[in-house]
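Residue numbering restarts at 1 for every chain, and letters A, B, ... go by the order of the sequence lines.
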2 protein chains.
Amino acid sequence: MPGTSGPVRPDAAADLAGERVRQRRKAIGLSQQALATAVGVSRQTIITMEQGNYAPSVYLALRVAGALESEVEALWG
Amino acid sequence: MPGTSGPVRPDAAADLAGERVRQRRKAIGLSQQALATAVGVSRQTIITMEQGNYAPSVYLALRVAGALESEVEALWG
DNA sequence: CTTCACTGTCAAGACCTCTTTACGTCGAAG
DNA sequence: CTTCGACGTAAAGAGGTCTTGACAGTGAAG
């Protein structure tokens, strides 16, 4: 019983994905709302995602990576 | 209200990811149980994943991609 | 025929993703 | 000082992920 239940979360190390997403978003010049709209989710979702300690679905991750002109492995790997 | 709620799922087209995972797993020569153990989840999770219509967390996707010597974008993109 | 590995189905339960609404702060204008 | 955009927090609710355990079908091997 790894996590006992619930979505698979980040391994040991920290959850740096959120910070990477935030930096990439700012680099692209998008507001949280703009990114949210671009990937089709609520602003809350983006906020939570950047806050870390959050495991989005692969599909959301793929969309975000796309909107940020990056790759899933680069942001969450 | 895109999906109204719940994890972001695949867009329009079919959910071919499951089939890709299955083919890659067999190509590598792993049983569902072996893959499950390798990525640290239950066999049920692998079964459901190959069945399609399922949106794993990015982290699980990354582990599966790793175990199958592939990439997230290649399997779920 | 019995055994065993592999695959699949069903189901209850714990924890989580994502939504919507509402409210609070801060800095940059006007 | 008021307004507005961008960010943050809180909280309730629908629906999903992942777990465990039990049970069943298939094909290969003894």
Side-chain angles (χ1 to χ4, degrees), chain A residues 1-12 14-68 72 75-76, chain B residues 1-12 14-68 72 75-76:
Chain A
M1 54 19 162
T4 299
S5 78
V8 173
R9 316 189 114 284
D11 271 77
D15 187 4
L16 307 170
E19 203 46 53
R20 291 198 208 96
V21 168
R22 168 167 297 168
Q23 290 180 7
R24 197 86 191 86
R25 174 175 62 77
K26 292 193 170 179
I28 301 275
L30 290 176
S31 67
Q32 297 179 325
Q33 179 61 67
L35 176 56
T37 300
V39 305
V41 296
S42 69
R43 185 169 67 90
Q44 256 312 320
T45 297
I46 301 299
I47 293 177
T48 307
M49 181 156 82
E50 294 188 347
Q51 231 78 300
N53 185 44
Y54 168 74
S57 73
V58 211
Y59 299 104
L60 172 51
L62 281 166
R63 289 193 206 167
V64 170
L68 298 183
V72 172
L75 295 172
W76 285 271
Chain B
M1 56 7 164
T4 301
S5 78
V8 175
R9 317 189 112 285
D11 272 75
D15 187 5
L16 307 171
E19 203 47 53
R20 292 199 207 97
V21 167
R22 167 167 296 168
Q23 290 180 6
R24 198 86 191 85
R25 173 175 63 76
K26 292 193 172 180
I28 300 276
L30 291 175
S31 67
Q32 295 179 326
Q33 178 61 68
L35 176 56
T37 300
V39 305
V41 295
S42 69
R43 186 169 68 90
Q44 254 312 320
T45 298
I46 301 300
I47 293 177
T48 306
M49 181 157 81
E50 293 188 348
Q51 233 78 300
N53 185 45
Y54 167 75
S57 73
V58 211
Y59 298 104
L60 173 51
L62 281 166
R63 289 192 206 169
V64 170
L68 299 183
V72 172
L75 296 171
W76 285 271

Problem - Check: D:dG15 base within 3.5 Å donor-acceptor of B:R9 side chain - result: no
Exercise for the section: For A:S31, report the nucleic acid contact type (base, sugar-phosphate, nothing); a contact means any heavy atom under 4.0 Å. Expected result: sugar-phosphate
Fill in the blank from the handout: Rounded to whole Å, the CD-C1' distance (A:Q32 to D:dA6) equals 7 Å
Practice task
Kindly say if B:T48 contacts the phosphate of D:dT17, meaning a side-chain N or O under 4.0 Å from OP1 or OP2.
Solution key: no
Handout entry: A:Q32 to A:E50 - nearest heavy-atom pair and separation
Key = NE2-OE1, 3.2 Å
Problem - N or O in side chain of B:R22 less than 4.0 angstrom from C:dC6 OP1/OP2 - result: no
Practice task
Round to the nearest Å and state the distance from A:N53 atom CG to C:dT17 atom P.
Solution key: 8 Å
Fill in the blank from the handout: Ranking D:dG8, C:dG13, C:dG8 by distance to the side chain of A:S5, first place goes to C:dG13
Problem - Phosphate contact (C:dT7 OP1 or OP2) by B:Q51 side-chain N/O below 4.0 Å - result: no
Practice task
Specify the separation, in whole Å, of atom NZ of A:K26 and atom P of D:dG5.
Solution key: 18 Å
Practice task
Using a 4.5 Å cut-off on heavy atoms from C-beta on, say whether the side chain of B:M49 contacts that of B:R25.
Solution key: no
Handout entry: Donor-acceptor under 3.5 Å (A:T45 side chain, A:V41 main chain)
Key = no
Practice task
Answer with base, sugar-phosphate or nothing: what part of the nucleic acid does B:S57 contact at a heavy-atom distance below 4.0 Å?
Solution key: sugar-phosphate
Exercise for the section: Can you tell me the distance, in whole Å, between the CD atom of A:E50 and the C1' atom of C:dT17? Expected result: 17 Å
Practice task
Please report, rounded to the nearest Å, how far the C1' atom of D:dA6 is from the CG atom of A:L35.
Solution key: 14 Å
Problem - N or O in side chain of B:R25 less than 4.0 angstrom from C:dT7 OP1/OP2 - result: yes
Practice task
Would you kindly give the CD1-to-C1' distance between B:I47 and D:dT20, to the nearest whole Å?
Solution key: 13 Å
Practice task
Look at the side chain of A:R43 and the base of D:dG8, then say whether one donor and one acceptor between them are separated by less than 3.5 Å.
Solution key: yes
Practice task
Please determine, for the side chain of A:Q44, which listed nucleotide (D:dT20, D:dA10, C:dG8) has the closest atom?
Solution key: D:dA10
Practice task
Pick base, sugar-phosphate or nothing for A:S42, based on heavy-atom distances below 4.0 Å to the nucleic acid.
Solution key: base
Handout entry: Side-chain donor or acceptor of B:S57 paired with backbone N/O of A:V8 under 3.5 Å
Key = yes
Practice task
Determine yes or no for a side-chain-to-main-chain donor-acceptor pair under 3.5 angstrom, with A:T37 supplying the side chain and A:Q33 the backbone.
Solution key: yes
Handout entry: Spacing of A:Y59 atom OH relative to C:dC16 atom P, expressed in whole Å
Key = 22 Å
Practice task
Using whole Å, report how far CD of B:Q33 lies from P of C:dC6.
Solution key: 9 Å
